[in-house]
Structures are given as structure tokens and as C-alpha cells.
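See structure below.
Reminder, nothing fancy here: chain letters follow the sequence lines and each chain counts from 1.
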Amino acid sequence: MQNNTRTLFLAISHQVMRGALMLLSLVFIGHLMTATPAFAQKSEVEAPASSNSKATTTIVEKMTSSATDQFNSEREARLEDLRYKHLWIAYSLVWIIIFLFIRQTWQRSQAVRYRLDELKSRLVKLEESEEK
Amino acid sequence: MSNAGPKLTSSSKTPLMWMILGTIGMFLAHYLVFIYAPMESTMRAAQRIFYFHLPSAWLCYIGFIMCAGWSLRYLMTQKSEHDALALASAEVGLTFGVIVLTTGPLWARAAWGVWWKWEPRLTTMAILFLIFTCYWVIRSFGGDNTGIRRFGAVLAVLGAPNIFFVHIAVTRWRGDHPNNVGLEPEMRVVLYSCLLIFIILFSLLIRLRYRIHMDERTVTALSRRLSRIGG
């Protein structure tokens with residue numbers, strides 16, 4: 001009974017540790033994404049108080065417009081960078097998950113096959129000894 | 001109650017053809033998703049996550065439906081093969097569920113600005129995933145006896161209808177999750193090709209897991225037989 005409890009505890013601990021390692025690796029990957037989404041930033045560009053002169057107003061408008069355009073293009077570049085990062089992370093995670101599942105399946109298959117072959121050989125030996 | 005025991009076999013060979021098809025399919029999927037598929041105008045590169053996310057979601061549903069179906073069959077027939085198929089389906093369904101719940105937030109962060117929203121589709125999907133995780137935990141750590149198998153089978157049968165709520169969540173409860181988005185013809189080709197490739201992978205994985213579960217039952221039966229004989 002104590003052995004069963006111990007085995008169960010070890011098995012659960014093993015699975016919990018594997019899950020925790022997976023979670024930690026996901027958190028680590030998340031921290032690699034250092035770029036702050038541009039949509040989280042506020043884009044407030046206010047024009048300075050205009051003077052009476054129309055020329056000054058026009059110059060200010062032009063400056064504001066070019067600053068806005070530059071900000072938007074930078075924002076778009078950051079967003080594009082973020083999208084590609086997320087795509088590669090998603091792509092990697094898909095194959096990591098599938099690979100881990102296949103690897104665990106193969107390991108379990110090998111263990112079961114080994115055990116099965118061992119039991120079959122014992123059975124054959126037993127039957128042969130009984131015949132004798 | 002069936003008295004037929006599991007077949008005594010140590011073969012766990014997987015059809016080579018499935019593996020070759022699966023491998024070719026992987027390379028084809030890479031080409032289709034990253035080269036053939038056109039760039040979507042709004043989400044740009046992040047939209048390509050959709051080609052993994054949607055087939056995984058469908059196969060997750062199919063895995064859970066198969067689990068419920070084989071569980072119901074097991075409850076009727078008490079045959080070990082049906083239970084093994086149910087367990088294998090749940091395991092593979094959960095694997096694809098993990099893919100859905102990791103690729104989804106990655107897309108959501110790029111699209112919505114948050115990793116997760118408690119909106120209907122995501123919430124019901126999380127509940128569905130938790131139900132079948134419970135099934136898997138019970139089957140993995142509860143031992144392999146008739147009582148646990150029946151308990152798990154009932155849980156799977158009762159949990160599977162949640163798939164219907166996941167499916168109608170967006171239309172019925174006005175969620176934010178994309179639904180029935182218009183796709184260009186090239187995008188449809190890529191989506192259905194990826195789905196076909198994932199189906200091949202899905203079938204292969206279920207076959208592998210089913211074989212393992214049947215061999216484990218064989219090991220148990222042989223161990224008991226040897227202990228009775230005194231070997």
C-alpha cells in the first residue's frame with residue numbers, strides 16, 4: 001500500500017514537474033518579446049498654439065503631419081515585427097508540442113514492448129519447464 | 001460482459017505509409033503556409049497562425065467526440081478495445097487542444113492587444129479542455145480497473161456536449177472571436193491542405209496511442225497469468 005502511494009506520488013510529481021517546465025519555457029518565450037505593442041501606446045500629437053500668422057500655421061501643420069506620418073510608420077514597423085515574432089513562436093510551439101507527444105509516445109511504446117517481450121519469454125520458459 | 005482478453009502481440013509497428021505521408025505533408029504545409037498563402041491585409045503575418053489554429057481546433061473537437069463515442073460504446077459492450085480507443089482519442093484531442101490554446105493567445109495578443117479574453121468562445125473552449133484534462137488525469141493516475149474506466153467513460157460522454165456550446169458561442173452570445181471570415185481561394189486551399197495534413201497526423205497519433213494501450217493491457221494480463229502459474 002505504501003509502495004503504491006509512493007509510486008503514485010512520484011508519478012504525479014513527475015507530471016507536475018514536466019508541466020511546470022513547459023509553463024516556464026512558455027513564460028521565457030513570452031519575455032523574449034520585448035517590443036511593446038504599438039497599439040498600447042497613445043498617439044497624441046498636439047499642435048502648438050497657433051499664432052496669428054497663416055504661414056506659421058501652415059509650417060506647424062506640415063511639421064505635425066510629417067511627425068504623425070513618421071510615428072505611424074514606426075508604429076506599423078513595430079506592429080509588423082510583433083506579428084512576425086508571434087507567428088514564429090506559434091509555429092515553433094506547434095511542432096514542439098507535436099514532437100514532445102510523439103517522443104513520449106515512442107518512449108512509452110519501447111518500455112511496454114520491452115516488458116511484453118520479457119513476460120512472453122518467461123511464459124515460454126515456464127511452459128517448457130512444465131512440459132519437461 | 002465480454003470475456004475475450006486482449007490479443008497477445010508485441011508488435012507496435014506503425015504503417016510506414018502513414019509516416020511517409022505525414023512527413024511529406026509537413027514539408028508541404030511549410031511551403032503552403034509560408035510561401036503559397038497570400039499575405040492578409042489587416043493582420044499580415046500573424047494571420048498565418050490561423051492555418052495551424054483552425055485545423056487543430058477541429059481535430060480537438062473530433063478527438064473529444066471520438067472519445068465520447070468510444071466511451072459510450074465501451075459502456076454498452078465492456079470491450080477493452082473500445083476503452084483503449086476512447087483513451088487514445090482523448091490524449092490526441094488534448095494535444096491538439098494544447099496547440100489551440102497556445103496559438104490562440106499568440107494571435108489574440110497581436111490582434112486584440114491582450115493574451116486572453118473571457119469571451120464566450122474562449123471560455124467554453126477552456127471549460128471543454130478542462131473536462132477532458134480531468135478525464136485524462138483520472139485515467140492516468142486512477143489505475144486501470146473497470147470502475148475507473150466506467151467513471152472516465154461517463155465523464156467523457158457527459159463532457160462532450162460542451163463542444164456544441166463552443167461551436168455556437170460566437171453567434172449565440174456575440175463573442176469577439178472571429179467566425180465565418182471570408183477567405184480568398186488561395187487561403188482556402190492552404191487551410192484545407194493543412195487540415196488534411198493534420199488529419200493524417202491525427203490518425204497516426206491515435207493509432208500509436210491505441211497500440212500502446214492495448215499492449216499495456218496485454219502486459220497486465222500476462223503478468224496476472226504468470227503470477228497464477230507461479231512464474
Side-chain angles (χ1 to χ4, degrees), chain A residues 4 7-9 11-12 14-15 19 22 26 29-30 33 36-41 76 79-98 100-102 104-127 129-130, chain B residues 8-12 14 26 30 33-34 43-49 51-53 56 91-92 94-96 98-99 102-115 137 140-143 198 201 204-205 208-209 211-216 218-223 225-226 229-231:
Chain A
N4 287 340
T7 308
L8 183 62
F9 174 74
I12 293 174
H14 180 66
Q15 293 295 333
M22 189 73 144
L26 284 173
I29 288 168
M33 296 185 295
T36 307
F39 46 70
Q41 300 172 7
E76 195 51 43
L79 267 176
E80 190 73 0
D81 184 51
L82 179 78
R83 287 177 194 131
Y84 270 103
K85 269 187 187 173
H86 281 251
L87 173 63
W88 289 119
I89 290 169
Y91 174 76
S92 307
L93 278 174
V94 168
W95 297 124
I96 286 170
I97 290 165
I98 290 173
L100 285 174
F101 186 77
I102 291 176
Q104 195 261 351
T105 301
W106 182 80
Q107 284 176 337
R108 196 166 157 182
S109 166
Q110 292 295 104
V112 167
R113 199 191 313 180
Y114 175 77
R115 179 76 179 134
L116 196 56
D117 288 341
E118 185 193 8
L119 286 171
K120 282 183 79 177
S121 63
R122 275 172 59 188
L123 186 66
V124 164
K125 280 180 192 171
L126 210 60
E127 285 171 352
S129 66
E130 278 180 3
Chain B
L8 294 179
T9 174
S10 63
S11 171
S12 63
T14 310
M26 300 307 170
H30 292 148
V33 171
F34 293 104
M43 286 305 303
R44 311 270 308 154
Q47 184 268 342
R48 294 176 198 269
I49 295 173
Y51 300 117
F52 303 115
H53 180 78
S56 298
E91 287 172 339
V92 177
L94 277 172
T95 304
F96 282 97
V98 170
I99 292 174
T102 48
T103 54
L106 284 164
W107 178 89
R109 179 67 169 160
W112 298 335
V114 291
W115 294 105
V137 168
S140 296
F141 299 108
F198 272 50
L201 185 65
L204 191 65
L205 292 176
L208 284 172
R209 297 304 286 204
R211 178 53 54 196
I212 287 173
H213 294 312
M214 289 307 296
D215 284 348
E216 283 174 349
T218 307
V219 164
T220 308
L222 265 179
S223 299
R225 192 171 157 187
L226 277 169
I229 296 172

Proximal component of [X], with respect to chain A [non-hydrogen, under 4.5 Å]:
{"X": "B:Q47", "result": "neither"}
{"X": "B:F34", "result": "side chain"}
{"X": "B:S56", "result": "neither"}
{"X": "B:H53", "result": "neither"}
{"X": "B:F52", "result": "side chain"}

| With no hydrogens and no angle check, do the side chains of B:R211 and A:S109 hold a donor and an acceptor under 3.5 Å apart? |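 Per modelled atom types, B:R211 and A:S109 side chains form no pair under 3.5 Å.
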
Spatial distance of atom [atom1] ([X]) from atom [atom2] ([Y]) [nearest 0.5 Å]:
{"X": "B:T218", "Y": "A:K120", "atom1": "OG1", "atom2": "NZ", "value": "9.0 Å"}
{"X": "B:L208", "Y": "A:I102", "atom1": "CG", "atom2": "CD1", "value": "7.5 Å"}
{"X": "B:L106", "Y": "A:K85", "atom1": "CG", "atom2": "NZ", "value": "13.0 Å"}
{"X": "A:T105", "Y": "B:L204", "atom1": "OG1", "atom2": "CG", "value": "9.5 Å"}
{"X": "B:S223", "Y": "A:R122", "atom1": "OG", "atom2": "CZ", "value": "7.5 Å"}

| request: Indicate the atoms forming the closest heavy-atom contact of A:L87 with B:A45, along with that distance. | output: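 Result for this residue pair: CD2-O, 3.6 Å.
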
| message | I need the minimum non-hydrogen distance between B:V219 and A:L119, along with the two atoms involved. | response |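 Scanning both residues, the minimum pair turns out to be O-CD1, 3.5 Å.
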
| N/O donor-acceptor pair under 3.5 Å between A:H86 side chain and B:A110 backbone |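 Not at all, since once roles are kept as given, no pair shorter than 3.5 Å links the two residues.
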
Answer yes or no: is there a side-chain heavy-atom contact under 4.5 Å between [X] and [Y]?
{"X": "A:L123", "Y": "B:R225", "value": "yes"}
{"X": "A:Y84", "Y": "B:R48", "value": "no"}
{"X": "A:Y91", "Y": "B:H30", "value": "yes"}

| query | Which region of A:I98, side chain (C-beta onward) or backbone (N, CA, C, O), has a non-hydrogen atom less than 4.5 Å from a non-hydrogen atom of chain B, or is it both or neither? | reply |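 Only the side chain of A:I98 comes within 4.5 Å of chain B.
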
| said: Taking side chain as everything from C-beta outward and backbone as N, CA, C, O, which of these in A:W88 sits under 4.5 Å from a heavy atom of chain B? Side chain, backbone, both or neither. | reply: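 The side chain, not the backbone.
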
| request: Could you check which of B:I49, B:V98, B:V33, B:V137 has the highest count of heavy-atom pairs closer than 4.5 Å to chain A? | output: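 It is B:I49.
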
| field | Residue pair B:D215, A:R113: steps toward the side chain to side chain contact (heavy atoms under 4.5 Å, CB included) verdict | value | CA-CA 7 Å; B:D215 284 348; A:R113 199 191 313 180; 5.7 Å; no

| Partner set under salt bridge (Lys or Arg N to Asp or Glu O under 4.0 Å) for A:R83, not counting sequence neighbours |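 With sequence neighbours excluded, A:R83 shows a salt bridge (Lys or Arg N to Asp or Glu O under 4.0 Å) to A:E76, A:E80, given in chain and number order.
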
| said: Any carboxylate oxygen within less than 4.0 angstrom of a Lys/Arg side-chain nitrogen, looking at B:E216 and A:R115? | reply: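 The answer is no: the pair does not qualify as a salt bridge.
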
| message | Can you tell me if A:W95 has over 12 outside heavy atoms packed within less than 6.0 Å of its CH2? | response |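 Above 12, so yes.
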
| request: Report the C-alpha separation of A:L93 and B:T103 in whole Å, then their side-chain angles, then the decisive distance to 0.1 Å, and conclude whether the side chain to side chain contact (heavy atoms under 4.5 Å, CB included) test is met. | output: CA-CA 8 Å; A:L93 278 174; B:T103 54; 5.7 Å; no

